[in-house]
**Q** 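Shown below is the structure under consideration.
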Amino acid sequence: MSQINKLKIFNDPIYGFITIPNALIYDLIQHPYFQRLRRISQMGLSYLVYPGANHTRFHHALGCMHLMQKSVDVLRFKGVVISNEEENALYIAILLHDIGHGPFSHAMEKSIVEEVHHEEISLLFMNQLNVEFNGKLDLAIQVFKGEYDRKFMLQLISSQLDMDRMDYLKRDSYYSGVAEGNVNSERLIQMMNVVDDYLVIEEKGIYSVEKFLMSRRLMYWQAYLHKTSLVAELILMRILKRAKELTLKGVPLPCSEPLLFFMQNKVTIETFDAEKLDLFAQLDDFDIIGALKSWQKNDDFILATLSKMIVNRDLLKIKLTSEKVAIEDLQPLKERFALQNNISVADANYFIFKGKIKNQAYSKEADPIRILKKDNTVEDVIESSDQLNLKSLSKSVTKYYICFPKQLL
C-alpha cells in the first residue's frame, strides 16, 4: 500500500477531524492489538447509569493522540525544540498508553489477572509491537517508562495534567452527558510551555487549570464513582472471582477459550510471555457479556444470581456513608440471606460486603502542576491560586459503602 493511502482522517464528534500523522502510526492503529480497543468500553459498566456512555478505548486513544499533536505544535511555536523522532515517540506512547486494559477495565485486574496491572500489560504489548516493527518503538518505550532524559515528554503522557486526562474528562463528559466534566483542553494546551525541562502552564491559564481540577473531582463523584457504576463493577468482580473458583474446582463453565485460560491459570508478570499476551489480546467486553448470558442459567446459585443482576440491570442495593461500617453490622444480614436462599454464611459474602472509595482531584505528593508566573518564577498551582477550593481539592475524601440484596431492605 502506498504511503499516501495511510494518511487517513477520523471524524471525531469532539474535535472534528483527527489526522493520522504518518504511515507507522497508521500501521500501529491497524494492528489487531490496537483494533481490539474498539471492543473495550472506556467507562466500563457506566452505561448502566448513563446510556450514552458506550464509547471505547479506541476512541479515547485517538483523541489523546490528537491532543498530543496540538501540544507539539504549541510547544514548537514557543521555541521548544522537539525532533521528528521525539514527536513520533510522543504520538506512539500516548496512542498505546491504554492498550493493556482488559475487558471492562478494572474489573479484570481485580479478579482474573489479579497481580498484573494494566500499565505493565501495556508495556508488554509495546515491547511485542517493537519486535514486529523492527525497533521503531524504542524511543516511545523509553519515554513511556520515564527513562528518557526530557522530563516534560513523560509529563505530556502521564502526570496530573496530561493528554490522557484532558481527553477522558472531555470525552466521558460528552458521552455520559455529565456537563460538569467538560474541560477546555484547547485553552490548557495553548497555555503550555517548558521551563528547565518541566511542563508549565502560563499564569493566564490558571483558571483553566482550576476548572480542570474541579471537573475531575465532579466527574469522579458523578460518573466514575457513581454508586450504581460502582456496585455493578463490584458485582462483576465477584462474578469473575466465583467463575474462577468453580473452574479451578473442575466445574465446566461455558465461555470463550481466552477467558477460560485466564480462569484456569494464575498469570504473573514473570510468566506473561508472548503466547499469553496473544491470548490476552483476544479478550474483550464481548467475552464477558457472552459468558454472563450463559452463566445466568448455571446451577451454581451465586454465579447465576450475580450474572442475572448485570444482564438485567437488577443490582444489589448500595448505601454510601461517611462513617466506617463495622463488619459485625453485616453479620445479621448475611445470616438472614443465607437462610432465605439455603446457602452458607460464607457464600453470603458474595452478596453482602463493605468497602471504601477515595476521591482526590489533586495530589500534593505527586509531580505538581507548575505555573509559570509573569516574573518567570515557577510555583505549584496550589500556591499560585487565589482559590481556597484548590487546597480542599488536594484533600483525599473517603466514603464508605455497604452492598446487600434489595430483598433485605
**Q** With a cut-off of 6.0 Å (strictly less than), are more than 12 heavy atoms of other residues, nucleotides or ligands near CD of E85?
**A** no
**Q** With salt bridge (charged side-chain N to carboxylate O under 4.0 Å, His left out) as the rule and sequence neighbours excluded, what pairs involving residues 9-21 come up?
**A** D12-R171
**Q** Please evaluate residues K308 and V311 with respect to the criterion side chain to side chain contact (heavy atoms under 4.5 Å, CB included), reporting the C-alpha separation (whole Å), side-chain torsions for both, the decisive distance (0.1 Å), and the verdict.
**A** CA-CA 5 Å; K308 272 183 211 146; V311 174; 5.8 Å; no
**Q** Can you give me the closest heavy-atom contact between A53 and M43, atom names plus distance?
**A** CB-SD, 3.9 Å
**Q** Could you give me the CA-CA distance, side-chain angles and deciding distance for D329 and K354, then say whether salt bridge (Lys or Arg N to Asp or Glu O under 4.0 Å) is met?
**A** CA-CA 10 Å; D329 295 350; K354 68 187 188 75; over 6 Å; no
**Q** Would K78 and E202 pass as an ion pair if we require N to O under 4.0 Å?
**A** yes
**Q** Looking at side-chain heavy atoms only, is the closest gap between T247 and V251 below 4.5 Å?
**A** no
**Q** Using a strict 4.0 Å threshold on nitrogen-to-oxygen distance, state whether K70 and D73 make a salt bridge.
**A** no
**Q** For Y198 and N193, which I'm curious about, is there any donor-acceptor pair between the side chains at under 3.5 Å?
**A** no
**Q** Can you tell me if S307 uses its side chain to pair, donor with acceptor, with the backbone of L303 under 3.5 Å?
**A** yes
**Q** In terms of heavy-atom contacts, does CD of E147 have more than 12 from other residues, nucleotides or ligands at under 6.0 Å?
**A** yes
**Q** If only side-chain N and O atoms count, and only distance matters, is there a donor-acceptor pair under 3.5 Å linking D367 with S159?
**A** no
**Q** A side-chain contact here means heavy atoms from C-beta on lying under 4.5 Å apart; do T271 and N265 qualify?
**A** no
**Q** Under a 4.5 Å cut-off applied to non-hydrogen side-chain atoms, are I371 and V378 in contact?
**A** no
**Q** Determine whether the aromatic ring centres of H60 and H97 lie less than 6.0 Å apart.
**A** yes
**Q** Does H101 form a ring-ring contact (aromatic ring centres under 6.0 Å, His included) with H117? I'd like the steps, not just the answer.
**A** CA-CA 9 Å; H101 267 292; H117 198 263; 8.1 Å; no
**Q** Heavy-atom count around Q264 CD within 6.0 Å, excluding the residue itself: above 12?
**A** yes
**Q** Looking at every non-hydrogen atom in both residues, tell me the closest pair between K6 and A23 and how far apart they are.
**A** CD-CB, 3.7 Å
**Q** Check side chain to side chain donor-acceptor pair (under 3.5 Å) between Y33 and all other residues, then give those that pass, not counting sequence neighbours.
**A** D278
**Q** Would you say the side chains of Y50 and D172 form a donor-acceptor pair under 3.5 Å?
**A** no
**Q** Run through L283, L240, L259 and flag the one making a side-chain contact (heavy atoms from CB on, under 4.5 Å) with P103.
**A** L283
**Q** Indicate whether the side chain of N349 and that of K334 have a donor and an acceptor atom separated by less than 3.5 Å.
**A** yes
**Q** Looking only at atom types and distance, does a side-chain atom of R217 sit under 3.5 Å from a main-chain N or O of A361, one as donor and one as acceptor?
**A** no
**Q** So F10 and F58, would you call those rings parallel, tilted or perpendicular, with 30° and 60° as cut-offs?
**A** perpendicular
**Q** Between F301 and F337, how do the two ring planes meet: parallel, tilted or perpendicular, split at 30° and 60°?
**A** tilted
**Q** Going by atom types only, do Y47 and Q42 share a side-chain donor-acceptor pair under 3.5 Å?
**A** no
**Q** Is the shortest side-chain N to carboxylate O distance from E379 to R370 below 4.0 Å?
**A** no
**Q** Testing the 3.5 Å rule here: is there a donor-acceptor pair between the side chains of R38 and Q35?
**A** yes
**Q** Do the ring planes of Y175 and H55 sit parallel (below 30°), tilted (30 to 60°) or perpendicular (above 60°)?
**A** parallel
**Q** Could you check whether D300 pairs with R242 (Lys NZ or Arg NE/NH1/NH2 to Asp/Glu carboxylate O, under 4.0 Å)?
**A** yes
**Q** Are the charged groups of K151 and D196 less than 4.0 angstrom apart, N to O?
**A** no
**Q** Can you check whether S363's main-chain N or O pairs, donor with acceptor, with S394's side chain at less than 3.5 Å?
**A** no
**Q** So, using side chain to side chain donor-acceptor pair (under 3.5 Å) as the criterion, who are the partners of K293 when residues are at least two apart?
**A** none
**Q** Does a side-chain heavy-atom distance below 4.5 Å link L292 with L236?
**A** yes
**Q** May I ask you to check whether E86 and Y148 show a side-chain donor-acceptor distance below 3.5 Å?
**A** yes
**Q** R165 versus F212: any side-chain heavy-atom pair under 4.5 Å?
**A** yes
**Q** Any side-chain donor-acceptor pair under 3.5 Å between N184 and K211?
**A** no
**Q** Is D98 salt-bridged to R57, going by a charged N under 4.0 Å from an acidic O?
**A** yes
